[in-house]
Amino acid sequence: QVQLVESGGGLVQAGGSLRLSCAASGGTFSGYTTAWFRQAPGKEREFVAGLNSGGGSTAYADSVKGRFTISRDNAKKTLFLQMNSLNPEDTAVYFCARERVPFTARVRRGPNDYDSWGQGTQVTVSS
C-alpha cells in the first residue's frame, strides 16, 4: 500500500502563495490519477485539483481555477499544488490522494474514488 505524506502548509497572509508537496513511498504515482482535496472545519472534504494518470489532463474546482496549479513528478514520486492569490476561504487541511483504479483517463472528483490518502497539511490564510 502506498503511503502519502504532505508538506508545505503553513500560515500566510491573504494574497500570498504556498506550494504543497506530497511524497509517495511504498508505491508510485505512475499510472494513477492523483488529486488534492481540502477540508475546512465543519465542512465536508472537497475536491480541489486533479491530474489524470497520463498527466495530460487536469481538473480544478471553480473556486481555485486560475489560482492553483497541480503538477506531478513521477520520477520523484511527488505531487505538487502551487497556490497563489490565497484568500481566507482557502483555509483548510489539504490532503493528497491517489485514485483507487489505475490508468483512468479523466479526473474523478469524488473522494470515494481515491483509496490512498495522506495525513493532511494545514493551510491558514489570514485576512
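All heavy atoms count here, side chains included; hydrogens, waters and symmetry mates do not.
Of all heavy-atom pairs between Ala92 and Ala40, the closest is CB-N, 3.8 Å. Closest heavy-atom contact between Arg98 and Val2: CZ-CG1, 3.6 Å. Considering every non-hydrogen atom in both Arg38 and Tyr94, the closest pair reads NH1-OH, 2.9 Å. Nearest heavy atoms, Ser57 versus Val107: O-CG2, 3.9 Å.
We find the CG-CZ distance between Asp73 and Phe29 to be 10.5 Å, quoted to the nearest 0.5 Å. The distance from the OH atom of Tyr60 to the CD1 atom of Ile70 is 6.5 Å, given to the nearest 0.5 Å. Of the inter-residue distances, the one linking Ser25 atom OG with Lys77 atom NZ reads 7.0 Å to the nearest 0.5 angstrom. Residue Leu86 holds its CG atom at 10.5 Å from OG of Ser126, rounded to the nearest 0.5 Å.
Under the salt bridge (Lys or Arg N to Asp or Glu O under 4.0 Å) criterion, Arg72 pairs with no residue at all, not counting sequence neighbours.
Counted within 6.0 Å of CD on Gln3, heavy atoms from surrounding residues, nucleotides or ligands total 12 or fewer; the atom is thus considered open.
Under a cutoff of 6.0 Å and an axis angle of 45°, Arg19 and Phe80 form a cation-pi pair. For the pair Arg45 and Phe37, the cation-pi criterion (under 6.0 Å, within 45° of the ring axis) is not fulfilled.
Using modelled atom types and a 3.5 Å distance limit, the side chains of Glu6 and Ser21 yield no donor-acceptor pair. A donor and an acceptor atom, one from each side chain of Thr124 and Gln122, are located under 3.5 Å apart. Counting only N and O atoms by type, the side chains of Glu99 and Thr34 include no donor and acceptor under 3.5 Å apart. No hydrogens or angles considered: nothing links the side chains of Ser53 and Thr33 as a donor-acceptor pair under 3.5 Å.
The shortest side-chain heavy-atom distance between Gln119 and Val5 falls under the 4.5 Å cut-off. Side-chain contact check for Cys22 versus Trp36: some heavy-atom pair is nearer than 4.5 Å.
Side-chain heavy atoms closer than 4.5 Å link hydrophobic residues (I, L, V, M, F, W, Y) into clusters, and following such links, even through other members, never connects Leu4 to Trp117. A single hydrophobic cluster is seen to contain both Tyr114 and Val93, as judged by linkage of ILVMFWY side chains at heavy-atom distances under 4.5 Å, directly or through other members. In the hydrophobic cluster analysis, where Ile, Leu, Val, Met, Phe, Trp and Tyr join through side-chain heavy atoms closer than 4.5 angstrom, Leu51 is grouped apart from Tyr32. Side-chain heavy atoms closer than 4.5 Å link hydrophobic residues (I, L, V, M, F, W, Y) into clusters, and following such links, possibly through other members, connects Leu20 to Leu79.
When atom types are taken as modelled, the side chain of Asn87 and the backbone of Ala14 share no donor-acceptor pair closer than 3.5 angstrom. In this structure, the side chain of Arg108 does not engage the main chain of Gly50 through any donor-acceptor pair within 3.5 Å.
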Just do the side chain to side chain contact (heavy atoms under 4.5 Å, CB included) check on Leu18 and Val123 with the steps written out, would you?
-> CA-CA 9 Å; Leu18 283 174; Val123 171; 3.9 Å; yes

Can Met83 and Val125 be said to form a side chain to side chain contact (heavy atoms under 4.5 Å, CB included), step by step?
-> CA-CA 11 Å; Met83 305 187 295; Val125 184; over 6 Å; no

Mind running side-chain hydrogen bond (donor to acceptor under 3.5 Å, both in side chains) on Ser71 and Gln82 for me, showing each step along the way?
-> CA-CA 8 Å; Ser71 61; Gln82 178 66 43; over 6 Å; no

Going through the checks in order, is the side chain to side chain contact (heavy atoms under 4.5 Å, CB included) test met by Arg67 and Lys65?
-> CA-CA 5 Å; Arg67 300 188 297 123; Lys65 201 171 294 183; over 6 Å; no

Can Glu89 and Ser63 be said to form a side chain to side chain contact (heavy atoms under 4.5 Å, CB included), step by step?
-> CA-CA 9 Å; Glu89 289 70 38; Ser63 59; over 6 Å; no

